[in-house]
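Computed over heavy atoms, backbone and side chain alike; hydrogens, waters and symmetry mates excluded. Numbering of ligands and ligand atoms starts at 1, following listing order.
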Amino acid sequence: MAETIDLEELQSELLSEIAAAKDLGALEQVRVSALGKSGRVSAVMKRLGSLPAEERKTFGAAVNAVKTRVSEALDSHKTILESAALEARLASEQADITLPVRPGPVSEGRIHPVSHVMDELAEIFADMGFAIAEGPDIESDDYNFTKLNIPQEHPARQEHDTFYFHPDSNGERLVLRTHTSPVQIRTMLSQKPPIRIIAPGRVYRCDSDQTHTPMFHQIEALVIDESTHMGHLKWVLEEMCKAFFEVDEVKMRLRASHFPFTEPSAEIDIGAEAIGKPGQWLEIGGCGMVHPNVLVNCGLDPQRYQGFAFGMGIDRMAMLKYGIPDLRAFFSADLRWLRHYGFSMLDVPTLAGGLSS
Ligand code: DAH
């Protein structure tokens, strides 16, 4: 009978040790000290063999009952400790996503106004169903000029202040592209109409003063199908300007001009009301209907296909929208300027959420 009392005591001792365990580590220690190979319950088990057969049966059953009871207590206390640990972790890892960004690279860094304006324009044109096309900065003379209906010796070449590379052994010259218009050629050579693309990117001209830098940015647009006309062109330009300047109305005029790759050609002016300066006109780019020669140069039948193109200066759009006076500062890598005119990297422009927020 002495063994039975032992067992009761052992059980209640173990149960209170289990209840007192404050964390999973302490509980595991109790488990090992009770049920482990050299634990206290296992030690009692080992005594079974030395007992007479008739006692062995009842004592064995009693030890097993203790073992079961202790195991159950371990399991249920383990569940309680685990959920308490989870609660504690959730509470300590809580994040308030409405808090401002902590000081550090993410809050310090700024997106350059040119990159931001490119993102704004990409968002606006994507909404109108335009895809983004790209071409290389180092372009062939053929794509930059000849296929755009600007043959050798054409006076329009002069206006471009081109950076030329040395001719290769075949006499072919590469250039730093002077405009994004060669992306029109690349697109028409590689895609079948209907075509609807924009091509933002860097362009280069040997020119430098307050409003000119040797490298600057343009965005090109090209739409080709069987029935697109100047009315569509004007609508796209107007919608783009309203969305870009974030105004309900924008005054616009197309002023007759000349570009070899369009016929008719026009210069795009907008009323300076859009930037809060009424009474003036601002030139933002050139446009027109794609010249039949350009279509033919790209293997398209001008009897069947037609469309429009336009090109605008991105830097100029950024200067107008954000009131930035000097173009040269765009490329002088002055951190104070960037802190002032740059955008937080978390302010991704969207039409729904606001472009310049
Ligand atoms: N490529 C011209 C320039 O850089 C701008 C331009 C004018 C682009 C008319 C066009 C266009 O697509 O139709 O001066």
* Structure fact -> Value for CE (Met312) from SG (Cys241), rounded to nearest 0.5 Å, stands at 6.5 Å

* Residues clustered with Tyr164, ILVMFWY side-chain links under 4.5 angstrom -> Tyr143, Phe145, Leu148, Ile150, Val175, Ile185, Met188, Leu189, Ile195, Ile197, Leu222, Ile224, Phe259, Phe261, Val290, Val294, Leu295, Leu300, Tyr305

* To do: Would you indicate whether the side-chain heavy atoms of Leu355 and Lys321 approach each other to under 4.5 Å?
  => yes

* Taking atom types as modelled, find out whether Asn144 and Thr178 have a side-chain donor-acceptor pair closer than 3.5 angstrom. => yes

* Asked: Checking side chain to side chain contact (heavy atoms under 4.5 Å, CB included) against Pro200, which of Val183, Val114, Ile219 comes through?
  -> Ile219

* To do: Could you please provide the protein residues found below 4.0 Å of ligand 1 on a heavy-atom basis, arranged by chain and number?
  => His179, Ser181, Gln184, Arg205, Gln218, Glu220, Phe259, Phe261, Thr262, Gly286, Cys287, Gly288, Ala309, Phe310, Gly311

* Asked: Are any of the side-chain nitrogens in Glu283 or Arg255 under 4.0 Å away from the carboxylate oxygens of its partner?
  -> yes

